[in-house]
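Step one of this worksheet: look at the structure below.
Note that the numbering runs from 1 along the sequence shown for the chain.
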Amino acid sequence: MGRKVMGDFGGIIHGGDYNPDQWLDRPEILAEDLQLMKKANVNCVSLGIFAWSHLEPEEGNYDFEWLEEIIQRLYEHGIYTILATPTGAMPQWLTNKYEEVLQVNEYGVRNYPGKRHNYCPSSPVMREKTRQLDMRLSERFGGHPGVIGWHISNEIGGNGGDGACHCAYCQNAFREWLKERYGSLDRLNAAWWTGFWSHTYTDWSQIRSASARGEDLVHGQKLDWKRFVDSRQLDFCKEEIKAVRSHSTLPVTTNMMEFFYTFDYFQWAKTLDIISWDSYPDWHSGTDELRTAATTAAAHSLMRSLKKQSFLLMESTPSVVNWRSINRLKRPGMHELSSLQAVACGSDSVQYFQWRKSRGSSEKYHGAVVDHRGGEDTRVFREVTRLGERLGKIATRVIGTINRPRIAMIFDWENWWALDDAYAVDNNLDYREVFVDFFYPLWALGIDVDMVDMEGALDAYSVVIAPLNYMYKKGYADKVRAFVRQGGCYITTCWSGEVDETDLTYTGAHPLEDVLGIRTEEIDAPGGYCENSVRYQGVDYRITGLCGLVHALGAKVLAEYQNDFYKGYPALTRNVYGNGEAYYIASLNEQSFLKAFYSEVLRERGLGCGLAVRLTEGVTVNERNSTSEEQDTAEKIWFLQNFNREPATVELLECYENVETGERLSGEIKLQAFECVVLGRADGRNEF
């Protein structure tokens, strides 16, 4: 935890995707790029991401001279390179000569060449061509002093698809994967409950991918197909990593995509040395920035949590994207704030897509540091330059630190997949959005949170929150039971503990009935049919979603429903179990309920914002600590962030130092719209 994410790289990485292969016929552009990068305080770029057709213009004919020249020139100017493998987009010679490298969709139709991530991860030809290119890149550049890491492909599984290929290679690979998982057809049929509708399999060859063309209502089969697609793409990535490591010991990463539905990033993290991701929040799209800010903080926190170490913000835009229906410029201050938010949550970099705008194709109007008019006399260039200066000022206090929360939330991809196919009370239920609903009040309170999947360890945390924990994987209930017995606080909700890891419902008691002290019965989604509320500590809070009907079996009732036929039923319970306690929230409620409930629980646990401050709405805090195990003596820095469109005033209850200016601050301070102030302990241990 907290180690330097890029080894000996001494500062915060500032730069982004650089595509000089688009400008090889314009040497004056390449020369200008070097000068502008220095002015913008760029110290690292990602190279080669979509350069396959330039690196291998014909089959077996490799041209690395231009790339070596660029890497060397950058290095001589103090700019390092994260070198990509270019498999995110295939060259035309490959897709036209070898049809098998192209994906087959769920209707059995092979895709035409084009776009990105259109490859079949099971194709022997695709794997071999990728291996040959990656090994040659490793041999040529793996020891270059200007290259500090490997960037495997780009946004794997993206391009609007689900990452799946339904070709014969993948069908056979799926069957082999199932044989290894279940061992026999009897076990598979039992796990999938195939006797329903008389769909029992009697031969492995009968099994195909889940698709709208055939079977997509056997939930166990559909869930296993999602697991397989994830594992197949991960296996392809592992082969790329093996190839680049043939002549190199540099760290590897691949740029992830927030809460990306298709891939279980907790599994991917086990293979990668560094977590990196691409962040493109939709700022300025609503009445305020707060929900967007909280959702983005949750995504940053997820990336940090995957390996419990600092991560890289691999892509962001310094101003605008081009692929939404409406694409708004970042307002003044938002670029610095959103970038520093990433650092606040654990990033050791701020990088952009892209350095220079392309002249053509689908992203020619996507934001970049250098726009079509060129030069440095633009608002965006000035803001990027200023941010680079700020990152340089705080780098020595940031590098080697990490956020160390005492609170964790359970986010599990397989739970997401299973919940998505539940065909139950509310088929529009969005697991990710409900998860953010439960994260939001903690963000508003200025409290850092880790994300853990059901396989992760819980012993480092005081409080664990598991909203909509529909599926319980094998061993999960016992893990929670031990956590609470040993003194932990566990909070879960309705629509939890419904099915096992093969998506079969539990019969009889809830798997954690003894820990929760309740008996679950029915669940409802009344919506506008019957408005309802829960009364907690004398205040009524509106119900916004599911309502579970439960009975207390020893648990203390803290809140009750106020209307409908379940008036008087428990809506919030607390049960003492061993040395700990477990809470069950029976309904999905408005944010003010969660904020009041969390505040009470955290007060009892002695947890809260690490900065001594009275916050106002829209202002939040993240805390990065040194790796010292002695929390009281550890170096700490706080990022105080105002996501309001107007200035906001907060009160510092102790004395702090502005890390960038050295100014001592206490009492009321005014933050401008979209301002972030980085604070450290003042001399005298925060005494006035």
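I12 places a side-chain heavy atom less than 4.5 Å from the side chain of I399. In this structure the side chain of S301 reaches within 4.5 angstrom of the side chain of M451, judged on heavy atoms. Counting heavy atoms from C-beta outward, L137 and L67 have side chains that approach closer than 4.5 Å. You'll find the side chain of C345 stays beyond 4.5 Å of the side chain of T296, heavy atoms only. Side-chain contact between W355 and D17: absent, with no pair of heavy atoms (C-beta onward) separated by less than 4.5 Å. Put simply, the side chain of N41 does not reach to within 4.5 Å of the side chain of L391, judged on heavy atoms. You'll find the side chain of P20 stays beyond 4.5 Å of the side chain of W23, heavy atoms only. At a threshold of 4.5 Å between non-hydrogen side-chain atoms, the residues I326 and S285 do not count as touching.
Between the H372 side chain and the K364 main chain, a donor and an acceptor come within less than 3.5 Å of each other. The closest donor-acceptor contact from the side chain of S53 to the backbone of P91 lies at 3.5 Å or more, if one exists at all. At distances below 3.5 Å, not a single donor-acceptor pair connects side-chain atoms of H247 with backbone N or O atoms of G142. Side-chain N or O atoms of S138 include none that pairs as donor or acceptor with a backbone N or O of D134 at under 3.5 Å. Judged by distance alone, with hydrogens and angles left aside, the side-chain atoms of K307 form a donor-acceptor pair with the main-chain N or O of A269 at under 3.5 Å. N255 places no side-chain N or O within 3.5 Å of a backbone atom of S276 that could act as its donor or acceptor partner. Side chain of D377 to backbone of F381: no donor-acceptor contact under 3.5 angstrom is found. Between the Y265 side chain and the M257 main chain, a donor and an acceptor come within less than 3.5 Å of each other. Side chain of S361 to backbone of E363: no donor-acceptor contact under 3.5 angstrom is found. Distance alone, capped at 3.5 Å, places no donor-acceptor pair between the H14 side chain and the E389 backbone.
Ring geometry for H300 against F311 counts as parallel: the plane angle stays under 30°, on a 0 to 90° scale with 60° as the upper cut. Using cut-offs of 30° and 60° on the angle between ring planes, the pair F141 and F64 is tilted. Ring-plane geometry between W416 and W413 is classed as tilted, the angle between the planes lying from 30 to 60 degrees on a 0 to 90 degree scale. Taking the six-membered ring for Trp and thresholds of 30 and 60 degrees, W443 and F643 have ring planes inclined between 30 and 60 degrees apart.
Atom OG1 of T317 and atom CD of Q354 lie 10.0 Å apart (nearest 0.5 Å). One finds the NZ atom of K308 at 12.0 Å from the CG atom of N403 (value rounded to the nearest 0.5 Å). With values rounded to the nearest 0.5 angstrom, Y18 atom OH is found 3.5 Å from D33 atom CG. With values rounded to the nearest 0.5 angstrom, S46 atom OG is found 12.5 Å from W150 atom CH2. If you take CZ on R127 and OG on S122, they are separated by 6.0 Å, rounding to the nearest 0.5 Å. How far SG of C165 is from CZ of R232: 10.0 Å, rounded to the nearest 0.5 Å.
Side-chain contact, D288 with N644: no donor N or O sits under 3.5 Å from an acceptor N or O. Side chains of Q35 and K38: no donor on one and acceptor on the other come within 3.5 Å. Checking E315 against Y280 by side-chain atom types alone, a donor-acceptor pair falls below 3.5 Å. With hydrogens and angles left out, the side-chain atoms of N327 and N322 include no donor and acceptor closer than 3.5 Å. Between the side chains of Q233 and Y119, at least one donor N or O lies within less than 3.5 Å of an accepting N or O. Side-chain atoms of S153 and E240 form no donor-acceptor pair, as typed in the model, at a separation below 3.5 Å.
At a threshold of 4.0 Å, the pair E336-K330 does not count as salt-bridged, since none of the basic side-chain nitrogens sits closer than that to a carboxylate oxygen. Salt bridge status for R291 with E433: present, with a side-chain N to carboxylate O gap under 4.0 Å. Looking at E258 and R432, a side-chain N of the basic residue comes within less than 4.0 Å of a carboxylate O on the acidic one, giving a salt bridge. A salt bridge links E128 with R131: the closest approach of a Lys/Arg side-chain nitrogen to an acidic carboxylate oxygen falls below 4.0 angstrom. Ion pairing between a basic and an acidic side chain is recognised when a charged N comes within 4.0 Å of a carboxylate O; K129 and E56 show no such pairing. Using a 4.0 Å cut-off between charged side-chain N and carboxylate O, D450 and R304 make a salt bridge.
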Decide side-chain contact (heavy atoms from CB on, under 4.5 Å) for M256 and L302; before the verdict, give the C-alpha distance in whole Å, the side-chain angles of both, and the deciding distance to 0.1 Å. CA-CA 11 Å; M256 297 173 170; L302 170 66; over 6 Å; no
Checking V380 against H335 for the side-chain contact (heavy atoms from CB on, under 4.5 Å) test, could you report, in this order, the C-alpha distance in whole Å, the side-chain angles of both residues, the deciding distance, and whether it holds? CA-CA 9 Å; V380 169; H335 172 59; over 6 Å; no
Would you please test Q641 and Q341 for side-chain contact (heavy atoms from CB on, under 4.5 Å) and show each step? CA-CA 8 Å; Q641 305 148 71; Q341 180 190 36; 3.6 Å; yes
Under the criterion side-chain contact (heavy atoms from CB on, under 4.5 Å), I'd like the reasoning laid out for V621 against D448: C-alpha separation, chi angles, the key distance, then a yes or no. CA-CA 8 Å; V621 177; D448 282 298; over 6 Å; no
Pair D230, Q267 - check side-chain hydrogen bond (donor to acceptor under 3.5 Å, both in side chains), show working. CA-CA 9 Å; D230 178 26; Q267 298 303 317; over 6 Å; no
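Not counting sequence neighbours, the partners of D371 by the side-chain contact (heavy atoms from CB on, under 4.5 Å) test are K357, R373, T378.
Taking the six-membered ring wherever Trp is involved, the centroid distance between the rings of H144 and Y80 does not fall below 6.0 Å. For Y107 and H166, the distance between ring centers is not under 6.0 angstrom.
Counting non-hydrogen atoms of other residues, nucleotides and ligands closer than 6.0 Å to CD of E59 gives a total above 12.
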